[in-house]
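First up is the structure itself, then whatever we jot down about it.
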There are 2 protein chains.
Amino acid sequence: MEKILLVDDEPKIVRLLSAYLVRAGYQIVTAADGLTAIDRFHREHPNLVILDLMLPGLDGLEVCQVIREENDTPIIMLTARVEEDDRILGLELGADDYVTKPFSPREVVARTKAVLRRAHGEAPDVPLEIGQLHLDAVRREVRLDGRLIPLTATEFDLLHTLMRQPGRPFTRLQLLERVQGYAYEGYERTIDTHIKNLRQKLGDPHRQPRYILTVRGVGYKMAER
Amino acid sequence: MEKILLVDDEPKIVRLLSAYLVRAGYQIVTAADGLTAIDRFHREHPNLVILDLMLPGLDGLEVCQVIREENDTPIIMLTARVEEDDRILGLELGADDYVTKPFSPREVVARTKAVLRRAHGEAPDVPLEIGQLHLDAVRREVRLDGRLIPLTATEFDLLHTLMRQPGRPFTRLQLLERVQGYAYEGYERTIDTHIKNLRQKLGDPHRQPRYILTVRGVGYKMAER
DNA sequence: GCTATAATAAACGAATTGTGAATTGATGGA
DNA sequence: TCCATCAATTCACAATTCGTTTATTATAGC
């Protein structure tokens, strides 16, 4: 699980962002001032730092510099509105991304994901192919024998997950998490319905399925070819 | 993140352009006179220089020459004079583009993007064509069945983004980023309204759209032909 | 055959999108 | 400078689609 160091002196913002980030599956460590931030950084070795520009004591820029001198941990800066703060103009942030206040928590989560993906050397969306079943992740299209199969967003994500690791069985819980995000709360058997619909669209009878195989007692898996 | 050196002696213009460029995702370094500009240039190694023609001390042309003698960093000139001479002179001295005052910040951002794209050897602004819909990125014109369709700047950028990769769906967040700049802060569904207006202008009913297709659960995409 | 697990169909409720209208902000001219 | 205009954004509500749940039937494995 990836660890994020969240540095802000406003408890309200820390609470809000923490909630969203935890929901998105990250582990959160917090600090309310610059010195604590650097201490936590050394102790915890976070995968990413979210840093408010204005902090008591050592401010965000200084913390940013200290971190940069040590390693390449990605940094996202939270800044006041650009137009109103001349300090920002011509400033070397040294950050990987920044978000201006007021921001939406969703935006911060989105940028966090993007920055971490970049940092990991994101896996490119290679076209997947199993038998006559082709999936293009960029276009979000699935073709069977060359014919376009219209899928809903959920069905597509489900199939995509299965096709990325053919032969590996996924539990319903894993599939639910993948499809609904980490903050799932629901009935495992929802997946069954999606699988049913997928099989129908793919003309894949459950009796002798060509593509989506049932793993009794576990969940489902993709045929290997 | 790309770094831009912005050289102008009018603080108002520096503030205005900085705000727009930061919003567009660039990192800004500023200078108010020619000598400082050259100093900053050496220190900061910007990816692009935006240069006012008239500067105290060393003027823009001279700064341009100095930079050109050293390397190929792209230069955009800002000029208040309208005479042809200056334009030609500036271009002869090695400026990659020029903008005459009074200019709109949007235009400067647009040219900045274009010049940097060119500098990276990326695809030039080729005319795009889907069915009877033609888009000319250089002239920022869109024609349907040969008739000019007047679009706002945002509508144009949105359509341009979609048309550059027909068949690929874009999320509202991706479109917002593209249209409002990197540091967007806003409501995703603003995009819906722009799409609605675009469809209206293109005579593209949402029920059986010819050009802009809705991808439910994802966003929008351009038809492929 | 018995039991646990999976498949299916149908009904309900939640989420997404389209749209008109109101609001805010920028731009240009008198 | 003030006003008129246009663009961009936000909001509210209706229409639609999709996801989830429930109930029932079918099946696999012991």
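Atoms considered below: every heavy atom in the structure, side chains included; atoms not considered: hydrogens, waters and symmetry mates. Order of the sequence lines sets the chain letters (A, B, ...), proteins ahead of strands, with each chain counted from 1.
- In this structure, A/Y187 places its OH atom 18 Å from P of C/dA14, rounding to the nearest Å.
- A/E155 pairs with exactly one of A/K201, A/H194, A/H160 by the side chain to side chain donor-acceptor pair (under 3.5 Å) rule, that one being A/K201.
- For DNA chain D, no neighbouring residue in residues 195-205 of chain A is found when judged by any heavy atom under 4.0 Å.
- A straight line from CD of B/Q208 to P of D/dT16 spans 14 Å, rounded to a whole angstrom.
- The interatomic distance linking B/L176 (CG) with D/dA8 (C1') rounds to 11 Å, in whole Å.
- The rotation axes computed at either terminus of the helix from C/dG1-D/dC30 to C/dA30-D/dT1 lie 40° apart, taking five pairs at each end and rounding to 10 degrees.
- One can place CZ of B/R140 at 14 Å from P of D/dA7, the figure rounded to the nearest angstrom.
- Atoms CD (A/E188) and P (C/dT5) sit 11 Å apart, rounded to a whole Å.
- Within 6.0 Å of atom NZ in A/K113, 12 or fewer heavy atoms from other residues, nucleotides or ligands are found, so the atom counts as exposed in its surroundings.
- Put simply, the side chain of B/Y211 gets close to the backbone of B/Q132: a donor and an acceptor are under 3.5 Å apart.
- Between the B/N47 side chain and the B/E2 main chain, no donor and acceptor come within less than 3.5 Å of each other.
- Looking only at distances, no side-chain donor or acceptor of A/R199 sits under 3.5 Å from a matching main-chain atom of A/P209.
- A/E155 has its CD atom 10 Å from the C1' atom of D/dG19, to the nearest Å.
- Checked for salt-bridge contact, A/D136 and A/R143 miss the test: no charged N lies under 4.0 Å from a carboxylate O.
- A/D204 places a side-chain N or O within 3.5 Å of a backbone atom of A/R210 that can act as its donor or acceptor partner.
- OP1 or OP2 of C/dA6 has at least one side-chain nitrogen or oxygen of A/R172 nearer than 4.0 Å.
- As judged by a 4.0 angstrom heavy-atom cut-off over every strand, B/T193 is placed among the base-contacting residues.
- An OP1 or OP2 oxygen of D/dT27 is reached within less than 4.0 angstrom by no side-chain nitrogen or oxygen of A/H206.
- When the side-chain nitrogen and oxygen atoms of A/R216 are compared with OP1 and OP2 of C/dA6, none of them lie within a distance under 4.0 Å.
- Minimum heavy-atom separation, B/L176 to B/E188: CD1-CA, 3.9 Å.
- Checking A/L151 against A/R189, the closest nucleotide of DNA chain D that is more toward the 5' end is the one next to A/L151.
- The distance from atom CD of A/Q180 to atom P of C/dA14 is 14 Å, rounded to the nearest whole Å.
- Summarising the geometry of A/L6 relative to A/S18, their closest heavy-atom pair is CD2-OG, 3.6 Å, with the distance given to 0.1 Å.
- Note on B/V215: only backbone sugar-phosphate atoms sit closer than 4.0 angstrom, heavy atoms only; bases stay farther off.
- Between A/T190 and D/dG19 there is no side-chain polar atom (N or O) within less than 4.0 angstrom of OP1 or OP2.
- Salt bridge status for B/R40 with B/D33: absent, with no side-chain N to carboxylate O gap under 4.0 Å.
- The nearest whole Å value for the distance from the CZ atom in A/R207 to the P atom in C/dT8 is 11 Å.
- For B/Y220, a side-chain nitrogen or oxygen approaches OP1 or OP2 of C/dG18 to under 4.0 Å.
- Listed nucleotides: D/dT10, C/dG18, C/dA7. Nearest to the side chain of A/D192: C/dA7.
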